Amino acid sequence: MIFIKTEDELNLLRESGQIVAKALGEVAKYIKPGVTTKFLDGIGEETIRSYGAIPSFLNYNGFPSSLCISVNEVVVHGIPSESIVLKEGDIVSVDCGALKNGFHGDSAYTFCVGDVEPAIIELLKTTKESLYKGIEEAIDGKRIGDIGNAVQEYCQRRGYTVVRELVGHGVGRSLHEEPEVPNVGKRGSGVRLKQGMVIAIEPMINMGTRHVVIENDGWTVRTLDRKPSAHFEHTVAVTKGQGAQLMTSFEYIQQVLGDRFI
Ligand code: MG
Ligand code: MG
């Protein structure tokens, strides 16, 4: 069942999305060598709760934390830990969800820790750009496959690979609703997009092989070859003609990072 959101519901989704955006902006202030991912999780949770929202991921299918924090070869679903200490040259994906007024927001950003190798910065840039290529396709009358195709073509043309085991999704009263939003696809295939659909688009793009494995903790997804992976995500509403409306935003991250915003 795909839920079409009313204008009032879109306003609530936008409110939740803005809380996520602010939490990511707050976390951005603390990303530097020596910081543990557990500490960042605390910042995210505190910020979410300060707006009267609940962290969407906490206890989701038993997930133990408020944020998913995934370093270097970890693609997604990294569990924050006292023993994971960020170091110069790392990349770290922070994925955040917040629930307020019965609706979720969901967004992710991959940050650089200090100075990062130019080749890895290129991976981040390409992944982020591919997210916006996908968002451009989220228009009434287009299809889910148009989004996946735009992301896939953009990344593969630049020599990267696309993770297929994990996908974007509808967002609403549940964190994960129908339809699935893969990052690969054929033009003109899949579910037809309709005004009022709200979806999370979230490319997960690898430097080496596209294949991934799940660690023994049952959550952490990493690349098979341990080469770096990047992840960017926005929750967006499908509209007519105009291109999708963003429910989430990277503007608070941009304010914090300034010149270092890529
Ligand atoms: Mg997410
Ligand atoms: Mg998501």
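Note that this is a predicted model, so its numbers are computed, not measured. Each ligand, and each atom within it, is numbered from 1 in the order the structure gives.
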Applying ring-ring contact (aromatic ring centres under 6.0 Å, His included) to Phe3 and not counting sequence neighbours gives none

Item to check | Note: Glu46-Arg49 ion pair, threshold 4.0 Å (strictly below) | outcome: no

Note on the Mg ion (ligand 1): protein N/O/S atoms within less than 2.8 Å are Asp95 OD1, Asp95 OD2, Asp106 OD1, Glu233 OE1

Item to check | Donor-acceptor side-chain pairing of Asn206 and Ser229 below 3.5 angstrom | outcome: yes

Has His176 got an N, O or S atom lying less than 2.8 Å from the Mg ion (ligand 2)? no

Q. Is it the case that Thr110 and His231 place a side-chain donor and acceptor less than 3.5 Å from each other?
A. no

Using a strict 4.0 Å threshold on nitrogen-to-oxygen distance, state whether Lys133 and Glu129 make a salt bridge. no

For His169 and Glu178, test the side chains for any donor-to-acceptor distance below 3.5 angstrom and give the result as yes or no.
no

